[in-house]
Amino acid sequence: MDQFDNHVDLVSAHAHADEVVVTGEGEVEVTDSSGIFGDHRGNVPLWLYTRETETTRPGSEIRQLAETLAAGRQESSADGGDITFLHALSAQVLSRMSYRPGTTDATTRAEDALAAGEGVCQDHAHVFLAASRCLGFPARYVSGYLESGDSGSEQAGHAWAEVHVKGLGWVGFDISNGISPDDRYVRVATGLDYQDAAPVRGMRLGDATESMTVSLQVTQQ
C-alpha cells in the first residue's frame with residue numbers, strides 16, 4: 001500500500017527489454033451510493049488534501065473562477081449546503097472547458113488547461129481540485145474506469161474528483177459528465193493529482209524513447 005492507501009505492485013524489467021506488457025483483469029462489485037464514498041481512511045491526514053501540487057497549483061484563472069463562485073456560496077449553502085455549491089463549481093468548470101482529446105497530456109497544468117478552454121477528464125478534475133482547495137476544501141483525484149456503452153470497449157481510463165464534505169465524508173464529482181459517480185464507475189486509486197493515482201507509472205535508466213498503448217474493456221455482468 002502507498003501513502004494514499006492504494007494497492008501497489010512493483011515490476012522490474014531486465015536490461016535490454018524492449019517491451020513490457022501489463023495485463024489486469026477481474027470482477028468488481030459496485031453499488032450506487034449517489035457519489036458518497038464516506039469517511040476518510042488511511043494514514044494520510046485530511047489536511048494534506050488541501051495542498052497544491054505542480055499540476056494543480058492555481059494561477060489567476062483558477063483563483064478568479066473560485067472567487068467568483070465564492071461570492072455566491074452563501075446563497076448556495078442556504079439552498080442545499082456545500083453539495084449544491086460543489087455541483088455548481090463542477091458545472092462552471094465544464095462550461096469553461098470543452099472536452100477535446102489530444103489537446104493536453106499527463107503533464108498539463110490545470111491553470112494552462114483552463115486558460116486554453118479545453119482538455120479531457122483529467123484536466124477537468126485538476127481544475128476542480130485546484131479551485132476546491134482554493135476555497136478550503138480537502139480534495140483528491142480519483143482514477144478508474146467507467147462503463148459507458150453496450151460494447152464495453154473504452155478508449156481510455158476515466159478520472160473524477162472527490163471533496164471531503166462535513167457530515168458526509170468524501171463525495172465524488174465527475175466533472176466531464178456533470179454527475180456524481182454511480183454503479184457504472186470502478187475506482188482504482190486516489191491521490192493529490194494524476195501523478196499520484198495513475199494506473200501505471202514507471203521510470204527507466206538510459207537514453208531511449210518510449211510509448212504506451214492501452215486496450216480497455218469494461219462490461220456489466
Side-chain angles (χ1 to χ4, degrees), residues 2-6 8 35 37 40 42-70 73 82-83 85-144 146 156-165 169-178 180-181 185 187-201:
D2 68 5
Q3 69 270 34
F4 299 107
D5 213 30
N6 301 315
V8 178
F37 183 75
H40 181 57
N43 296 320
V44 172
L46 193 58
W47 59 258
L48 184 71
Y49 292 95
T50 63
R51 198 186 77 180
E52 300 172 0
T53 68
E54 182 62 30
T55 307
T56 62
R57 182 170 295 118
S60 59
E61 293 278 347
I62 291 176
R63 291 189 187 280
Q64 182 180 26
L65 171 65
E67 290 169 2
T68 300
L69 283 169
R73 183 176 178 181
D82 288 335
I83 294 294
F85 173 77
L86 291 166
H87 276 298
L89 174 58
S90 174
Q92 185 65 20
V93 171
L94 184 58
S95 72
R96 291 278 302 273
M97 298 175 61
S98 59
Y99 185 89
R100 188 167 300 175
T103 58
T104 58
D105 59 36
T107 63
T108 301
R109 296 171 59 247
E111 179 73 12
D112 296 334
L114 181 60
E118 56 190 14
V120 293
C121 56
Q122 171 184 296
D123 305 293
H124 289 148
H126 280 157
V127 172
F128 181 85
L129 292 175
S132 296
R133 291 168 184 162
C134 278
L135 297 167
F137 289 100
R140 65 186 181 185
Y141 186 101
V142 186
S143 66
L146 169 61
H158 195 50
W160 58 98
E162 288 181 345
V163 176
H164 195 273
V165 177
W170 290 108
V171 181
F173 298 86
D174 179 356
I175 296 85
S176 299
N177 289 305
S180 286
Y185 290 70
R187 299 164 58 87
V188 173
T190 64
L192 296 178
D193 58 16
Y194 170 80
Q195 297 299 326
D196 290 333
V200 178
R201 293 182 59 189

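Computed over heavy atoms, backbone and side chain alike; hydrogens, waters and symmetry mates excluded.
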Mind checking side-chain contact (heavy atoms from CB on, under 4.5 Å) for [X] and listing every partner two or more places apart, or none if nothing turns up?
X: Gln3; value: Val44
X: Asn177; value: Leu146, His158, Asp174, Ile179, Tyr185
X: Glu67; value: Arg63

Please test Asn43 against Asp5 for side-chain contact (heavy atoms from CB on, under 4.5 Å), starting from the C-alpha separation and ending with a verdict. CA-CA 8 Å; Asn43 296 320; Asp5 213 30; over 6 Å; no
Evaluate the criterion side-chain contact (heavy atoms from CB on, under 4.5 Å) for residue pair Val171 and Val163; output intermediate values, then yes/no. CA-CA 5 Å; Val171 181; Val163 176; 5.7 Å; no
Quick one: does His124's side chain have a donor or acceptor within less than 3.5 Å of a partner on Gly119's backbone? no
Of all pairs that satisfy side-chain hydrogen bond (donor to acceptor under 3.5 Å, both in side chains), the ones with a partner from residues 125-141, not counting sequence neighbours: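 Residue pairs passing side-chain hydrogen bond (donor to acceptor under 3.5 Å, both in side chains), neighbours aside: Thr56-Arg133, Arg140-Glu162.
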For residues 87-99, the side-chain hydrogen bond (donor to acceptor under 3.5 Å, both in side chains) pairs (sequence neighbours left out) are Glu61-Arg96
Nearest heavy atoms of [X] and [Y], plus distance in Å:
X: Leu135; Y: Ala70; value: CD2-CB, 3.6 Å
X: Trp170; Y: Pro138; value: CZ3-O, 3.7 Å
X: Cys134; Y: Ala66; value: CB-CB, 4.0 Å

Looking at [X], I'd like to know if its [atom1] atom is crowded, meaning that more than 12 non-hydrogen atoms belonging to other residues, nucleotides or ligands lie closer than 6.0 Å.
X: Asp105; atom1: CG; answer: yes
X: Gln64; atom1: CD; answer: no
X: Arg57; atom1: CZ; answer: yes

If I take atom [atom1] from residue [X] and atom [atom2] from residue [Y], how far apart are they, to the nearest 0.5 angstrom?
X: Leu129; Y: Ile62; atom1: CG; atom2: CD1; answer: 9.5 Å
X: Asp112; Y: Thr104; atom1: CG; atom2: OG1; answer: 10.5 Å
X: Leu89; Y: Leu69; atom1: CG; atom2: CG; answer: 5.5 Å
X: Gln195; Y: Thr55; atom1: CD; atom2: OG1; answer: 5.5 Å
X: Ser143; Y: Asn6; atom1: OG; atom2: CG; answer: 7.5 Å
X: Arg51; Y: Leu192; atom1: CZ; atom2: CG; answer: 5.0 Å

Could you go step by step and tell me if Arg187 and Val142 meet the side-chain contact (heavy atoms from CB on, under 4.5 Å) rule? CA-CA 7 Å; Arg187 299 164 58 87; Val142 186; 4.1 Å; yes
Going by the rule ring-ring contact (aromatic ring centres under 6.0 Å, His included), which residues pair with Phe128 if we only count those two or more places apart in sequence or in a different chain?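 By the ring-ring contact (aromatic ring centres under 6.0 Å, His included) rule, Phe128 matches Phe173.
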Is there a side-chain contact (heavy atoms from CB on, under 4.5 Å) between Leu65 and Leu114? Walk through the geometry before answering. CA-CA 10 Å; Leu65 171 65; Leu114 181 60; 4.3 Å; yes
